[in-house]
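Below is one structure, written out as structure tokens; comments come after it.
These numbers come from the heavy atoms of this one structure, side chains and all, not from hydrogens, waters or symmetry mates. When a residue number appears, it is its place in the shown sequence, counting from 1.
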Amino acid sequence: GGGCGGGGSLGMPMDASRSAADEGATSASAAPSAVLSEGPSAEGSAESVLSADASAAPSVGCGRRSGLRWWMQSDELCALSGFPLSLLPYPPFKFQVGRKISPDGWVLVDGQCLILKVLSEWNFEVLGRTLTRANIEALDEYMRRCKLGPWRVAPAIQAFVLASRGDVAALVEWEQRKGSAAEKLSKLQEIQRVRQGKQQRRGSKAAAPPETSEASFQLHLLLQQQQKQQQQQQQ
């Protein structure tokens, strides 16, 4: 089925986030706060990740290197949701997964679906791997470049960290970000379900043989009779 489906373990305790951040962890598997604990770096910046992606596949993300909507010619499905990439009104996101999952080391996904799932479920495991800080920066930049709305992971993590330290306003902000993402994800799922249904119906009509109406059938019989009469007269 289509839409932004998929599952995984949900959530992460706040005290786990606090302890991991205090220890200076650097991966999202330890805690969401640790993803941003070091601040931006040249190596893990969104720009460097997107540049590396663009060199390996055409126009992944929302770069303006080409006006061609190359993904609309693709027969691939989103690795996350199963939705046809050709039906996306924006470019897919190239997500690094490693060669154990894909021979190329990456797969194409609906980036908006991915970021909304992360925010609404607060789950940092995607397709068998944990999001890194570089992944999150690249996703946030992708959303900005593609103009897909205000949903970003990094600010939500910052709010989560402050909330885990007792900041009530940050807790309200974090909950609002999660709720907004969940609402948008539900709408996106419905839109994609309708679009995929329309495509399937169009495909069924194209594959079906043309219907023979009663009038055309009668005309066919009349022509056959006339041909037989002409053959008899010639004999």
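- Taking OG from Ser74 and CG from Leu108, the interatomic distance works out to 7.0 Å, rounded to the nearest 0.5 Å.
- Rounded to the nearest 0.5 angstrom, Ile157 CD1 and Arg133 CZ are separated by 11.0 Å.
- Listed by chain and number, the residues in a side-chain hydrogen bond (donor to acceptor under 3.5 Å, both in side chains) with Glu190 are Arg193 (sequence neighbours excluded).
- Salt bridge present: Lys187 and Glu183 bring a charged side-chain N and a carboxylate O closer than 4.0 Å.
- To the nearest 0.5 Å, atoms CH2 (Trp174) and OG (Ser164) are separated by 10.0 Å.
- Every residue was checked against the salt bridge (Lys or Arg N to Asp or Glu O under 4.0 Å) condition with Arg152, not counting sequence neighbours, and none meets it.
- Proximity of Phe95 to Val126: side-chain heavy atoms (C-beta onward) are separated by under 4.5 Å at one or more points.
- When all heavy atoms of Ala181 and Leu119 are compared, the pair lying nearest together is CB-CB, 3.6 Å.
- Linking Ile, Leu, Val, Met, Phe, Trp and Tyr residues whenever their side-chain heavy atoms come within less than 4.5 Å leaves Leu77 and Val194 in two separate clusters.
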Next item on the list: Start with the C-alpha distance between Leu80 and Lys117, add both sets of side-chain angles, then the distance that settles side-chain contact (heavy atoms from CB on, under 4.5 Å), and finish with yes or no.
Entry: CA-CA 10 Å; Leu80 182 66; Lys117 279 181 64 62; 4.0 Å; yes
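- When every heavy atom of Ser86 is checked against every heavy atom of Gln199, the shortest pair comes out as OG-NE2, 4.2 Å.
- Residues passing the side chain to side chain contact (heavy atoms under 4.5 Å, CB included) test with Leu88, sequence neighbours excluded: Trp71, Phe83, Leu85, Tyr90, Pro92, Asp110, Gln192.
- In this structure, Arg144 pairs ionically with Glu141, as a charged nitrogen and a carboxylate oxygen lie closer than 4.0 Å.
- Cation-pi geometry between Arg129 and Phe124 is not met at under 6.0 angstrom from the ring centre and within 45 degrees of the axis.
- Note: Ile115 CD1 to Leu139 CG = 5.0 Å, rounded to the nearest 0.5 Å.
- Within the 4.5 Å cutoff, the side chain of Gln189 has no heavy atoms near those of the Ser81 side chain.
- Gln196 is listed as a side-chain neighbour of Pro84, based on a closest heavy-atom distance under 4.5 Å.
- With sequence neighbours left out, Arg195 forms a side-chain hydrogen bond (donor to acceptor under 3.5 Å, both in side chains) with no residue at all.
- Scanning all heavy atoms of the two residues, the minimum distance from Lys184 to Gln112 falls at CE-OE1, 3.3 Å.
- For the atom pair CD (Gln96) and NZ (Lys94), the distance works out to 6.0 Å, reported to the nearest 0.5 Å.
- The structure places CH2 of Trp151 at 13.0 Å from CG of Asp140, a figure rounded to the nearest 0.5 Å.
- Contact check for Leu148 versus Tyr142: side-chain heavy atoms found under the 4.5 Å cut-off.
- Applying the side-chain hydrogen bond (donor to acceptor under 3.5 Å, both in side chains) criterion to Ser120, with sequence neighbours excluded, gives no partner residue.
- Residues satisfying the salt bridge (Lys or Arg N to Asp or Glu O under 4.0 Å) test with Glu76, not counting sequence neighbours, are none.
- Heavy atoms only, all atoms of each residue included: Leu162 and Ala170 are closest at CB-CB, 3.5 Å.
- Hydrophobic clustering (side-chain heavy atoms under 4.5 Å, transitive across Ile, Leu, Val, Met, Phe, Trp, Tyr) groups Leu116 together with Val107.
- Using a distance-only test at 3.5 Å, with no hydrogens or angles considered, a donor-acceptor pair links the side chain of Asp167 to the main chain of Ala169.
- Taking the six-membered ring where tryptophan is involved, the planes of Trp122 and Phe160 are tilted, since the angle between them lies from 30° to 60°.
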